[in-house]
Amino acid sequence: MEETSDLYDVYETNTPTPWADHQHECLENLDNVDCLRRKIKYYFMNPCEKYHARGRKPWKLVLQIIKIAIITMQLVSFGLSNQMVVTFKEENLMTFKHLFLKDYVDGGMDTYAVYRQTDVYDHIDYIIGQYGRLHNITVGNHEYNKNGSIYTPLLLCQDFYRNGTIFPGSETFEIDANVETDCLEVYPMYHPSVREVLPHFELHFKRMLSVKITFVLKAINLQTVRHRELPDCYDFLVFITFNNQAHSGRIKVDLETDVDINECRDWKVTGASAKSIYLTVLFDCLIIITCITSFTLCTRSVITGIRLQLEYTLYCRNDCGKEIPWSDKLEFVNGWYILIIVSDTLTIIGSILKIEIQTKVLTSYDICSIFLGTGTMLVWIGVIRYMGYFKKYNILILTLRAAFPNVIRFICCAGIIYLSYCFCGWIVLGPYHEKFRTLNTVSECLFSLINGDDMFPTFKNMKQKSSLVWTFSRVYLYTFVSLFIYMILSLFITIITDTYDTIKQQQQSGTPTSELQKFLSVCKDLPNSGVYRLSENNSCFSNCCITRFRKHQERLTSEA
């Protein structure tokens, strides 16, 4: 309703409205109804109209503009800090791959595997050797983890079936599905020769599932000092896995890290001031206060809208004997205010987490980034609300809002067809095409096809081992592309276009389309007419009370 307030000011007609025709039956007090119209109409005015109506400065609008600016500044600052953390993690992961994986080449993790038993032993021997010589080979500030005064060991664990007798030649086997784990601890710098450790650790290749090597390395991210931030201490839990679950003769090797960020226990920084840290904390506190103020103002507006909705509903029910539709009730619930309330809540939580990160109480960058990122996104989406005050931009917002229910229903129906193609492609084409191996990749592939991306490689990469499946893949892909691009997307665009034309015609004609708009169209008082001001002599509420008192006195006089 807020975006269409201009309809109430420009609508004029010579024919009596349904509300005007039934006023002598529905209205017991014309002044009370006029007051209700003015209150509702004032509620749906934009900030500029409210300023002309009551002379109140649009503090809420000014607050939202300031909030957008400072929240964006906060997000940029946090993003630059978070970028250094991500860079440090990624570069350490690449460092570990080059340090501990034998003959590793950048970008070769998809094909990094071993095929011979001696290669497995050599790679394990290489990892343990590199771990023991870490101080002499790394160019970083990496260090072993300690438990008190003792170094934590490297764990070399083998998972294998408890018992297995396998004879592929005679096509016979006997397997005990229970999995056992055999581990060996290797302490750094305590074994001059790694070969002295490995002879005690035998790999059972025929029933081996995996070999996992786990160790912890510590590091400090010093690059934050240049940005006037205190460095964090990192614990990198490194996992190197030799995966043999398929028993295909190819053991894939993978290296992953799990990072734990901690506050450094003892630190001293010279040549840099800690004032910037406190200024950043004060800036975050300012954002929290701003968001709390915005949250309070928007909550008050939502409560005011609900009260007006209840008052309007009670009037229609008692005086007119009719129930108003839900569409009119929802007009009083301003979705933009709800959006601002949600964004303020997320920003407040994210700012509190950011303060704790700045003061090294917490190191949850991911959780903080989710709250701040989502809050900033919703704040910027809320800018569209103010664009709607301009008539040319207003039609876009009204079209999106009016088309939303039909779009949701259409997506539900189209989604069923989309899921059916996903399941069919996964089960039929999965063994012959990499993009159809999992449901996730199938969905991503089909969504790309809808948008016209990666079409030719999808057709070309289909293996031709089975002519039947190859023929089916052509029918499958051609029907999917034709159905979704030429039919479903065209219908989707048609829904938006029809809604746009309808809204445009309504704006050009200026005809009210709902009972609430018809009710408000009777009020011809412009925002600058002065009737909306809350002065003692020109108040809608005081006029209503005075009129009611006079009529009561007249009734007593007539009865006497």
Side-chain angles (χ1 to χ4, degrees), residues 1-8 39-50 56 58-72 74-75 287-313 324-353 370-390 393-409 411 499 503 514 516-517 520:
M1 281 291 298
E2 185 171 319
E3 294 83 358
T4 58
S5 58
D6 55 314
L7 296 179
Y8 312 139
K39 286 193 294 183
I40 297 176
K41 187 174 182 179
Y42 177 80
Y43 175 75
F44 288 119
M45 288 181 182
N46 60 51
C48 295
E49 291 175 340
K50 288 182 178 180
R56 292 182 177 179
W59 298 112
K60 193 185 303 180
L61 172 61
V62 175
L63 181 65
Q64 296 302 321
I65 295 175
I66 296 175
K67 189 180 71 173
I68 290 173
I70 60 179
I71 285 179
T72 303
Q74 180 196 43
L75 185 73
I287 291 177
I288 292 176
I289 295 173
T290 305
C291 290
I292 291 175
T293 306
S294 173
F295 179 91
T296 304
L297 294 177
C298 292
T299 303
R300 187 186 67 176
S301 299
V302 171
I303 294 174
T304 302
I306 294 175
R307 288 178 178 175
L308 288 176
Q309 185 261 330
L310 294 176
E311 188 176 353
Y312 175 66
T313 303
I324 64 174
W326 273 102
S327 59
D328 285 355
K329 291 182 179 180
L330 293 177
E331 293 285 348
F332 291 90
V333 181
N334 195 319
W336 295 113
Y337 289 150
I338 303 297
L339 183 70
I340 294 174
I341 290 173
V342 174
S343 67
D344 289 338
T345 304
L346 296 176
T347 304
I348 291 172
I349 297 174
S351 299
I352 294 174
L353 293 176
I370 290 174
F371 280 105
L372 289 182
T374 307
T376 307
M377 179 186 69
L378 296 180
V379 167
W380 276 97
I381 291 176
V383 176
I384 302 177
R385 169 175 178 252
Y386 302 106
M387 300 295 291
Y389 297 146
F390 302 96
Y393 296 99
N394 189 37
I395 191 171
L396 171 63
I397 302 172
L398 296 178
T399 302
L400 293 175
R401 187 178 67 174
F404 184 75
N406 292 331
V407 168
I408 294 298
R409 286 189 289 266
I411 290 177
T499 307
I503 297 297
S514 65
L516 177 60
Q517 292 181 8
L520 295 179

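Sequence positions, counted from 1, serve as the residue numbers for this chain. Just so it is clear, the structure is predicted and the values come from calculations on it, not from any experiment.
- Once rounded to the nearest 0.5 Å, the distance linking CD1 of I381 with OG1 of T376 reads 11.0 Å.
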Practice prompt. For the pair K67 and D344, evaluate side-chain contact (heavy atoms from CB on, under 4.5 Å) and give the outcome as yes or no after the intermediate values.
Written response: CA-CA 10 Å; K67 189 180 71 173; D344 289 338; 2.6 Å; yes
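- Annotation: side chain of F371 is not in contact with side chain of I352 (no heavy-atom distance under 4.5 Å).
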Worksheet item: Stepwise, does the side-chain contact (heavy atoms from CB on, under 4.5 Å) test hold for W380 with I68?
Response: CA-CA 7 Å; W380 276 97; I68 290 173; 3.8 Å; yes
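- Qualifying side chain to side chain donor-acceptor pair (under 3.5 Å) partners for R300, counting only residues two or more places apart in sequence or in other chains: none.
- Of all heavy-atom pairs spanning G375 and S343, the tightest one is O-CB, 3.7 Å.
- The backbone N or O of T290 lies less than 3.5 Å from no partner atom in the side chain of S294, so there is not a single donor-acceptor pair.
- Considering all non-hydrogen atoms of both residues, I340 and C298 come closest at CG2-SG, 3.5 Å.
- Residues V333 and Q309 are not in side-chain contact: their nearest non-hydrogen atoms beyond the backbone lie 4.5 Å or more apart.
- In this structure, the separation between CD1 on I341 and CG on L297 is 10.0 Å, given to the nearest 0.5 Å.
- One distance of note links CG of L75 with OG1 of T347; it measures 9.5 Å at 0.5 Å rounding.
- Rounding to the nearest 0.5 Å gives a distance of 12.5 Å between CD1 of I70 and CD1 of I65.
- Atom CD1 of I348 sits about 11.5 Å away from atom CG of L372, to the nearest 0.5 Å.
- A donor and an acceptor atom, one from each side chain of S301 and K60, are located under 3.5 Å apart.
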Worksheet item: Could you walk me through whether C291 and I71 pass the side-chain contact (heavy atoms from CB on, under 4.5 Å) check?
Response: CA-CA 9 Å; C291 290; I71 285 179; 4.0 Å; yes
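- Counting heavy atoms from C-beta outward, I40 and F332 have side chains that approach closer than 4.5 Å.
- Atom OG1 of T345 sits about 10.0 Å away from atom CD1 of I292, to the nearest 0.5 Å.
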